[in-house]
Amino acid sequence: MIGLFLMLESAAAGPLRLLAGFFLVMLFYISFLFFTYWISKDE
Amino acid sequence: MPIGDLQVPIIGKNVLIAALVQTHVLFAAFIIGAVLVAATAEYLGMVTKQPRYERFARNLARFVVLLFASGAALAITFVLALVTLFPIFFAHLQNIFFWVFLVEAFMFLGQIIIVYAWYNVWDKLAYRKSLHIVFGFVAGFLGLMAMTMIDAVASYMLTPAEAPVNDVAATFLNQTNVPLNMHRFIGNFSYVGFLIGGWAAWRYLRSTREDDREYYDWMGHFGLIWGFGFLIIQPIIGYGYLKGIRESSPAAFDRIMLEEQAWVFNALVIWIAVMSIAATAYFVHKLRFAVKPWPAMHRLAVGALGFTALFTILNIIPADASLVPEIGLTFAEGEETRIPLGDMYPWKYIGLIGLMLVGFFVVALYLRASADGFHWGRASRWSQYALMACAVTVVLAMVTMGYTRESARRVQDGPAASADNPGYLIYDCITMDQELVTKKEAGEYMCPAGESLVGGEGSE
């Protein structure tokens, strides 16, 4: 689905910004979750 | 504009705000839901004397305490970004919702104090368990109140009340505040439940000790009951929410349900389909390990899985061949090409109502079986993959719905319609360029708040 987005409309700003936002959210979310897991796993 | 209009390179300022807020919400919703789930588990542990409830509640509480800082830091970063990038809009918002923001700040403060106290006095109050459980529920309640306050702001942006902005009761109880709040209240439990299930599945697959396998197998089951049990209530509340949007902000409703952005709901029902089918398949699998086997019940659950698949597929069928017009993903004649079984009425109503009924049925069967207990630690690998699939898709569902609500205001028509106006920050009142909409129609301001908000100088 993501590949489809990129392939079909790489020139338009809308879908690309949507994707960029999605990746940012996932990056923040997963990195904070992983960090929390990492600081707590040795207890 | 009296203040410099700052822009964010490459991604733009809207995406920056969205990224910060959505990440914040993924943490905030988790914290609010997890505190209540953990407090409930602690209570169940006290009542049933089963030690796994206590182990689960305490570990979840610890995770919440550790995660709290990340969620709070993102909230502060988001407010900083909002003040910097949308100063005029934020000044108006702060004026309209001064009392609401004030209450929210104190609810948040109270939540922090009680959550930390709750976790820290766990051993100290070991012999006053009831009191300790009350700590957990009070922390959860304060979190819910903070959420209710910010929901008033978020719902007002989409459906501003037809009242002066200094009418606190009217702006607070704008048309979609109550349904939005209900939707998030239920959604918190569902989201947390699915994530707990996914985490338990991951740990189950990596555990080698028998007691750990039993514990994580049980934890996956416990999480999924919360996740799926609350998910099946959501279509009714979501219907009420969308009804409120249709009545107050019809152009926004048309945008997300009928026109160029209707694909978000196609995406959403795909996520719901994955969660429903995976959860039902997990239930069917788990029934094989019931302490008191009941073959008829197992066959009924298999039938329910078939109906779940049928109803979810009915929900997924798009209404026309214009799938995602924003990126040119259209086939045949686009909107002119209607797809059979794709209409909202009656097909999607049948799909959603059917999904709920089958969901209630299968949850009832499953709860009946779990009353007698299961043999833990024997679940198959694929049943754990089903839990993990639910955990991933519930996150996708959260970000899809957040995007839907916030981009619904990007309507091209209405009083501020022009090529360079991408929509509203407050529907019909403040554009995304932070201009007040002063246009009148038949002597009345287009902005529902009227003169109290847009009576001054501004753009037509």
Item to complete: Can you tell which part of B/V395 gets under 4.5 Å to a heavy atom of chain A, answering side chain, backbone, both or neither?
Response: side chain
Worksheet, complete the sentence: side chain to side chain contact (heavy atoms under 4.5 Å, CB included) with A/V25: of B/Q22, B/H24, B/M398, only one passes, and it is B/Q22
Worksheet item: Tell me, do A/L33 and B/L26 make a side-chain contact under 4.5 Å, heavy atoms counted?
Response: no
Fill in: Part of A/L27 within contact of chain B (heavy atom distance under 4.5 Å)
neither
Response to the item:
Honestly, the part of B/Y403 sitting under 4.5 Å from a heavy atom of chain A is side chain
Worksheet item: Within a strict 4.5 Å, meaning less than it, do heavy atoms of the B/L74 and A/F32 side chains meet?
Response: yes
Item to complete: Count the heavy atoms of every other residue, nucleotide or ligand shown that sit under 6.0 Å from OH of B/Y116, and state whether that count exceeds 12.
Response: yes
Worksheet item: Does a side-chain heavy-atom distance below 4.5 Å link B/L20 with A/F28?
Response: yes
Worksheet item: Would the A/Y37 and B/W199 ring centres measure less than 6.0 Å apart?
Response: yes
Discussion item. Give me the atom names and distance for the closest heavy-atom approach of B/L195 to A/Y29.
Written reply: CD1-OH, 3.3 Å
Fill in: More than 12 heavy atoms from other groups under 6.0 Å of CH2 on B/W202
no
Fill in: B/L16 versus chain A, the contacting section by heavy-atom distance below 4.5 Å
neither
Discussion item. At a 4.5 Å cut-off on heavy atoms, which part of B/I17 comes close to chain A: side chain, backbone, both, or neither?
Written reply: neither
Worksheet item: Which is it for B/L396 and A/F22 under the side-chain contact (heavy atoms from CB on, under 4.5 Å) test, yes or no, and what are the steps along the way?
Response: CA-CA 9 Å; B/L396 295 175; A/F22 176 74; 3.5 Å; yes
Response to the item:
Interatomic distance, OG1@A/T36 vs CG@B/L67, rounded to 0.5 Å, equals 4.5 Å
Fill in: Side-chain heavy atoms of B/V399 within contact of A/M26, under 4.5 Å
yes
